[in-house]
Amino acid sequence: MELIISNLTKTYPNGVRALNNISLTIPQGMFGLLGPNGAGKSTLMRTIATLQDADLGTITLDGIDVLKDKQSIRERLGYLPQDFGLYPRINAETMLDHIAQMKGIGNKSERKSLVEALLHRVNLYKDRKKALGTFSGGMRQRFGIAQALVGNPSLIIVDEPTAGLDPSERNRFYNLLSEIGENTIVILSTHIVEDVNTLCSQMAIICMGEVLMQGKPKDGLAMVQGKIYQKTINKTELNQYRQEYHVISTKLIAGKLSLRVESEEHPGNGFEPALADLEDVYFSFISQKVDPITI
Ligand code: ADP
């Protein structure tokens, strides 16, 4: 199973080119789509989910033309959008039953056992009678996954799913996603590097509507390993360092700035070699396009 995106381009009526000739090959498993806010991730997700059209380019899922044969993709798709409305007074069980009915599962007892199985799967069975409006952020997201799983999709899209979750909720959500990723294509769109690091076997970095990198996270790491150096400086020195070095990221630690730079050679001047991580890969690529201070 494979999702192939070729030369996808989209310009909004206001002139913003959200996708600029995007090509990606997405195999079975968890695929992380990483990019800063405004990179074009949601536009790409909505286009794959057949919710909006592109100007140019094609998307195929196992030979099915996603942009033309929308109905057959919708039957194979589970989508967890960034913001999804929940009917606050309806309980989880009733809502899932309703969604299953809308997705064409007419048989009542079949629906009942499906809804039960899904509620167990996302660990919401004991909360099934609670109104959705009372759910925490993590419960909402797990409910979102349950509704996306109705109909046994072969392609699942989750858009910025961990934003706003606390660490334990995030962990629970990670476990759930990685289970699902074992036998479907799961596209995880996020600006949180840790999400991709934890979950994804394949990834892409996009920025300003363009693909800057695609491959395995470890391939990305190999590109920057041995080239990352770190130094702690005073905040007031930042501009000067920016002029002299390729600063890829800065972090404020106890009032001082920890600076990471990318360099083919040891930059000297008190810099220490650092072990590269996926954040360095991300910032290395993103800093080619946008000023790191704005990341
Ligand atoms: P991301 O999901 O990575 O944050 P988006 O796909 O939401 O990125 O946005 C990409 C770019 O397209 C941004 O500059 C955004 O402002 C713009 N954009 C998104 N949706 C619309 C729209 N409906 N009309 C006009 N511009 C839009």
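Remember, it's 1-based here, ligands and their atoms both numbered in the order they're listed. FYI, the numbering just counts along the sequence from 1.
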N-O pairing of Lys129 and Glu93 below 4.0 Å: yes
Going by heavy atoms, is Gly35 under 4.0 Å from ligand 1? no
Using a strict 4.0 Å cut-off to heavy atoms of Ala39, name the atoms of ligand 1 that fall inside it. 1 (P), 3 (O), 8 (O)
Compute whether any side-chain donor of one residue and acceptor of the other, for Ser287 and His246, lie under 3.5 angstrom apart. yes
Of Leu56, Leu19, Ile22, the residue whose pairing with Thr9 passes side chain to side chain contact (heavy atoms under 4.5 Å, CB included): Leu56
For Asn37 and ligand 1, does the shortest N/O to N/O distance drop below 3.5 Å? no
Could you please spell out the steps behind the side-chain contact (heavy atoms from CB on, under 4.5 Å) verdict for Asp280 and Arg260? CA-CA 8 Å; Asp280 294 316; Arg260 282 169 95 89; 2.8 Å; yes
Considering only protein heavy atoms, which is closest to atom 6 (O) of ligand 1, and at what distance to one decimal place? Thr43 OG1, 2.5 Å
State whether a side-chain donor-acceptor pair under 3.5 Å links Thr236 with Asn234. no
Would Gly38 count as being in polar contact with ligand 1, using the rule that some N or O on each side must be under 3.5 angstrom apart? yes
Distance check, rounded to the nearest 0.5 Å: Leu176 atom CG versus Ser178 atom OG? 8.0 Å
Would Gly209 count as a contact of ligand 1 if the rule is a heavy atom under 4.0 Å away? no
Where is the nearest protein heavy atom to atom 19 (C) of ligand 1: which residue, which atom, and how far? Tyr12 CE1, 3.4 Å
Among side-chain atoms of Asp97 and Thr94, is any donor-acceptor pair under 3.5 angstrom? no
Go through ligand 1 atom by atom and flag the ones less than 4.0 Å from a non-hydrogen atom of Val16. 11 (C), 12 (O), 14 (O), 17 (C)
Protein residue, atom and distance nearest to atom 8 (O) of ligand 1, heavy-atom basis: Gly40 N, 3.1 Å
Atom 25 (C) of ligand 1: nearest protein contact (heavy atom, Å): Asn14 ND2, 3.2 Å
State whether a side-chain donor-acceptor pair under 3.5 Å links Thr43 with Gln52. no
Mark up the atoms of ligand 1 that fall under 4.0 Å of a heavy atom belonging to Ser42, in ascending order. 1 (P), 2 (O), 6 (O), 7 (O)
Return a yes/no value for Ala18: is any of its N or O atoms, backbone included, closer than 3.5 angstrom to an N or O of ligand 1? no
Would you mind listing which atoms of ligand 1 come within a distance below 4.0 Å of any non-hydrogen atom of Pro36? 3 (O)
How long is the span from the NZ atom in Lys68 to the OG1 atom in Thr50, to the nearest 0.5 Å? 14.5 Å
